[in-house]
There are 2 protein chains.
Amino acid sequence: MKFENQPPYSLGQRSPSQKDAGDGGNVTLVSQSTLGEINRGRVLQALYDHGPKSRAELARLAGVNRTTITGIVQPMIEEGLLVEGEAVPSDFKGGKPARPIYFNPEAPMLGAVLLLPGRTQTCLVTLSGEIKALTKAEFDPHGDRDAFLAIIKDTLSATLSQAQQAPFGIGIASGGMIDSDNGVILAVNLAPVLSGLPLVDILQTHFSLPVVIDHHPRALLVGDRWFGPGRGQQTFAAIYTGEVLGGAFYIDGRVYRGLAGSGGELGHTVVQIDGELCNCGKHGCWETVAALPWLRREAARLGLANPVGVTSARLVKEAAEGSEAADVLLDRYTRNVAFGILNLQQTLSLNSYVLHGDIAGGGADAAERVKQHVERLVRKRPNQEISITVNGIGEGHTALRGAAGLVLSSHLKLVI
Amino acid sequence: MKFENQPPYSLGQRSPSQKDAGDGGNVTLVSQSTLGEINRGRVLQALYDHGPKSRAELARLAGVNRTTITGIVQPMIEEGLLVEGEAVPSDFKGGKPARPIYFNPEAPMLGAVLLLPGRTQTCLVTLSGEIKALTKAEFDPHGDRDAFLAIIKDTLSATLSQAQQAPFGIGIASGGMIDSDNGVILAVNLAPVLSGLPLVDILQTHFSLPVVIDHHPRALLVGDRWFGPGRGQQTFAAIYTGEVLGGAFYIDGRVYRGLAGSGGELGHTVVQIDGELCNCGKHGCWETVAALPWLRREAARLGLANPVGVTSARLVKEAAEGSEAADVLLDRYTRNVAFGILNLQQTLSLNSYVLHGDIAGGGADAAERVKQHVERLVRKRPNQEISITVNGIGEGHTALRGAAGLVLSSHLKLVI
DNA sequence: ATAAGTTTGTGCGAAGTACAAACAAACTGC
DNA sequence: GCAGTTTGTTTGTACTTCGCACAAACTTAT
């Protein structure tokens with residue numbers, strides 16, 4: 001038959017942003033090789049989420065045949081990524097003892113770099129999250145690009161020289177605007193030396209290792225996911241407050257990036273249309289009312305001592321000691337933080353938020369205040385409890401583990 | 001070896017919302033049957049996105065072997081879902097003529113229901129998007145549940161009786177708060193008779209057909225995706241303005257739902273912390289400044305004639321005729337609409353927005369104004385153009401096609 | 001009219017991966 | 001020592017994609 005007299009297959013006009021892709025465009029079939037990779041990644045992810053497990057336990061968790069699991073894990077045992085543990089006496093009457101499987105401590109490690117304006121840290125991270133060979137350095141944020149590259153290469157070389165074997169790759173967490181698809185630091189206002197730097201290509205060429213980069217809040221999220229309170233969760237968000245405000249989300253088992261890593265600019269969502277001028281040029285951004293500059297300016301207005309040194313941790317402490325001004329300011333600040341989380345919750349229903357940075361410094365008390373404000377604002381849904389926690393691990397360490405986790409995600413295909 | 005002396009595999013405490021799932025929890029491996037289903041769905045999706053294609057063309061698009069495509073499509077031709085078209089003379093010198101493949105016009109159709117307060121429409125939709133057997137009915141929004149169920153069953157029966165064979169299933173688009181996982185209408189403020197109704201189970205039992213339900217803006221999105229300006233796109237959003245404001249997003253090839261369909265309550269994200277009281281109980285929601293109530297109240301304030309009849313279409317027309325008040329009001333209104341899109345863009349970088357409802361009634365002019373406001377507010381990223389279009393198809397028809405598309409998504413596994 | 005060249009669609013066997021069943025190994029309790 | 005149970009391994013089957021060769025159907029040149 002002829003395919004004529006059919007209604008046009010696009011009944012509305014196509015929008016201009018995405019006309020037909022070229023050959024081999026967005027049609028992706030899954031091959032059997034890909035199937036194998038997907039399943040290997042999911043087995044490894046299950047070990048991250050559930051800890052050491054035997055083949056039979058993994059088979060039960062996945063609802064598949066024991067021989068399927070053996071077929072998946074045996075090659076990884078043989079190549080040294082996984083190792084078999086000692087037999088565990090059974091909980092049952094009789095029964096062959098189970099042999100749990102987990103990551104080989106002698107497997108290659110992961111390289112990690114944290115890039116902050118003017119300073120950098122590098123380290124190695126084991127597959128189970130231990131940090132080794134931590135090295136720190138400083139650089140001139142307005143200095144010469146070649147000088148910076150020499151410093152970063154030297155610092156990384158010092159770190160990598162302490163590994164017995166080549167790591168799987170190097171992950172980089174950086175502030176600023178990052179193009180994570182092309183591995184380029186687009187702009188860092190506080191460290192112009194970094195702006196425009198194709199750091200991934202440079203380091204890949206220099207070290208002959210895979211290199212991945214993402215921006216700092218997303219690295220925090222990945223750190224939460226693999227080694228912190230997000231472990232085993234399918235959906236949650238990381239929110240960072242400090243001099244600036246940022247966030248990232250993990251949705252249905254994937255880090256949300258948006259096009260070229262541009263998603264998640266939460267600090268510049270607007271919560272007060274006619275609010276104060278933001279440094280991005282707009283008015284009333286969430287960052288203008290939920291970051292340290294606002295907090296310190298209000299502390300000065302309320303007459304708190306040494307306002308430039310005010311932090312959430314200090315306010316929690318002073319409120320506990322009876323200071324009403326501290327209590328009032330902390331309440332207003334946590335309410336402002338809550339507005340952005342409310343908008344995120346209304347938009348995406350993530351239900352679980354991990355706080356980092358200054359607000360995390362306020363501990364469980366600050367988190368509980370934020371949670372109470374969010375619950376007052378969000379319309380309740382059946383069976384949907386909102387969780388707001390803090391990541392109690394030191395800031396640099398979460399970001400470094402997160403940078404390492406970027407390598408896990410891309411190299412071991414732990415996330416599909 | 002023993003797995004002792006290892007760092008605890010959760011270095012931070014887990015947040016309380018999602019402890020370890022039960023057996024068979026969130027570990028999902030992919031089997032070869034699933035692989036086949038995924039690939040069949042992707043081939044069908046490619047036909048939706050690209051129109052009739054031959055096996056060789058599909059193989060090129062997907063980057064796989066021609067025998068792979070033959071193995072996938074032949075069973076669907078044999079079972080009547082697809083059909084081979086007439087040979088198309090080659091563009092080349094020589095070469096066997098290609099046989100394009102597309103949906104069989106005699107394949108089963110899709111059932112669709114649109115549920116609005118007090119009225120309903122049902123129809124059949126062909127796989128290529130034609131609407132047939134459209135039936136309308138009214139019901140008492142405060143009436144008796146059994147009376148309503150009788151009306152909906154009768155209306156659907158009338159529609160389904162005009163199909164030569166049983167449709168694939170029935171999709172329902174409804175206003176209000178919907179639990180799309182369990183198929184329950186949780187609450188509809190303007191039609192209390194629907195609140196708490198497990199409509200999916202009721203209709204599945206009555207008609208012995210698969211039934212799916214989702215809320216109205218998401219059905220609009222699905223309609224855009226399969227049959228409208230979203231066709232072939234991997235990422236875009238649908239925004240609906242009217243008496244209320246709502247939206248939905250399609251991200252990386254999937255409809256975003258959030259837990260039990262709760263994501264996407266865009267109307268109740270806050271854009272003005274100390275703004276006017278919203279009917280949800282909060283202050284300053286996007287809906288309070290970007291829906292018809294605000295528009296009509298401001299029209300009255302500005303002294304426009306017949307303010308209760310003001311719409312975007314009317315303002316566009318009057319502004320074109322020289323009314324400065326209309327022009328000013330339209331500009332303020334499109335700016336308010338732009339704030340919510342700005343926040344969505346900052347959060348998710350969707351880049352492509354399809355407008356529905358009243359704002360779409362303002363046509364390309366209103367869309368262009370919204371776009372200009374958004375572009376003034378959003379910080380430019382390299383290679384990221386923002387597109388804002390309107391879906392020019394009649395409102396009811398997009399939603400009905402969207403309801404039908406819900407069946408496509410779930411029954412034919414066109415979206416993974 | 002025939003042959004060369006090209007593209008599409010089909011047939012056949014190989015490869016990769018999961019599944020089912022049976023069996024061996026390793027235990028507990030009687 | 002044997003029955004019962006669980007874990008891990010072996011063997012063969014099933015499903016799906018891939019590679020290669022060949023048939024079919026055309027255009028162009030001789």
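Keep in mind that what you see is a predicted model, and the values were worked out from it rather than measured. Residue numbers begin at 1 in each chain, while the letters A, B, ... track the order of the sequences.
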May I ask you to say what B:I72 touches in the nucleic acid, namely base, sugar-phosphate or nothing, with a heavy-atom cut-off under 4.0 Å?
-> sugar-phosphate
Evaluate the ring planes of B:Y48 and B:F227, with Trp represented by its six-membered ring, and classify them as parallel (under 30°), tilted (30 to 60°) or perpendicular (over 60°).
-> perpendicular
For nucleotides 27-29 of chain D, tabulate all protein N/O to nucleotide N/O atom pairs closer than 3.5 Å, reporting atom names and distance.
{"residue": "D:dT27", "atom": "O4'", "partner": "B:G94", "partner atom": "N", "Å": "2.8"}

Please report the closest heavy-atom contact between A:S352 and A:T235, naming both atoms and the distance.
-> CB-O, 4.0 Å
Starting at CD of A:E86 and ending at C1' of D:dT7, how long is that distance when rounded to a whole Å?
-> 17 Å
Strictly under 3.5 Å: I want the nitrogen or oxygen pairs between protein and nucleotides 9-14 of chain D, one per line.
{"residue": "D:dT9", "atom": "OP2", "partner": "A:R55", "partner atom": "NE", "Å": "3.3"}

For A:V30, the side-chain contact (heavy atoms from CB on, under 4.5 Å) test, sequence neighbours excluded, returns A:T34, A:I38, B:L35, B:I38, B:N39, B:R42
Kindly indicate whether the side chain of B:I101, heavy atoms from C-beta on, has any atom under 4.5 Å from the side chain of B:V83.
-> no
Starting at the 5' end of DNA chain D, which residue's closest nucleotide do you reach first, A:E57 or A:S31?
-> A:E57
For A:K53 and D:dG8, what is the distance between atoms NZ and C1' respectively, to the nearest whole Å?
-> 18 Å
What is the 5' to 3' range of DNA chain C, first to last nucleotide, that sits under 4.0 Å from any heavy atom of chain A?
-> C:dA15 to C:dG29
For A:G36 and B:A98, take the nucleotide of DNA chain C holding the closest heavy atom to each; which residue's nucleotide lies nearer the 5' end?
-> B:A98
pair B:P210-B:V407: side-chain heavy atoms closer than 4.5 Å | no
Would you work out how much the helix from C:dA1-D:dT30 to C:dC30-D:dG1 bends between its ends, with each end axis defined by five base pairs, to 10 degrees?
-> 20°
Could you state the atom-to-atom distance from CZ of A:R99 to C1' of D:dG8 in whole Å?
-> 10 Å
State whether the number of non-hydrogen atoms from other residues, nucleotides or ligands found under 6.0 Å of B:Q164 atom CD is greater than 12.
-> no
Taking the side chain as C-beta and beyond, is there a heavy-atom pair between A:L58 and A:L47 under 4.5 Å?
-> yes
Close side-chain approach of A:P52 and A:F103, heavy atoms under 4.5 Å | no
Minimum side-chain heavy-atom gap A:L44-A:L82 below 4.5 Å = yes
Can you give each donor-acceptor pair under 3.5 Å made by side-chain atoms of residues 66-79 of chain B, sequence neighbours left out, with the distance rounded to 0.1 Å?
{"residue": "B:T67", "atom": "OG1", "partner": "B:N65", "partner atom": "OD1", "Å": "2.5"}
{"residue": "B:T70", "atom": "OG1", "partner": "B:R66", "partner atom": "O", "Å": "3.2"}
{"residue": "B:Q74", "atom": "OE1", "partner": "B:R55", "partner atom": "NH2", "Å": "3.1"}

Evaluate the side-chain proximity of B:L221 to B:F236: yes if any heavy-atom separation is below 4.5 Å, no if none is.
-> yes
B:E37 CD to D:dC15 P, straight-line distance once rounded to whole Å | 13 Å
Tell me: CZ of B:R42 to P of D:dT16, nearest whole Å?
-> 16 Å
For B:W226 and B:S409, which heavy atoms make the closest approach, and how far apart are they?
-> NE1-OG, 3.4 Å
Do B:R99 and B:E86 have side-chain heavy atoms sitting under 4.5 Å apart?
-> no
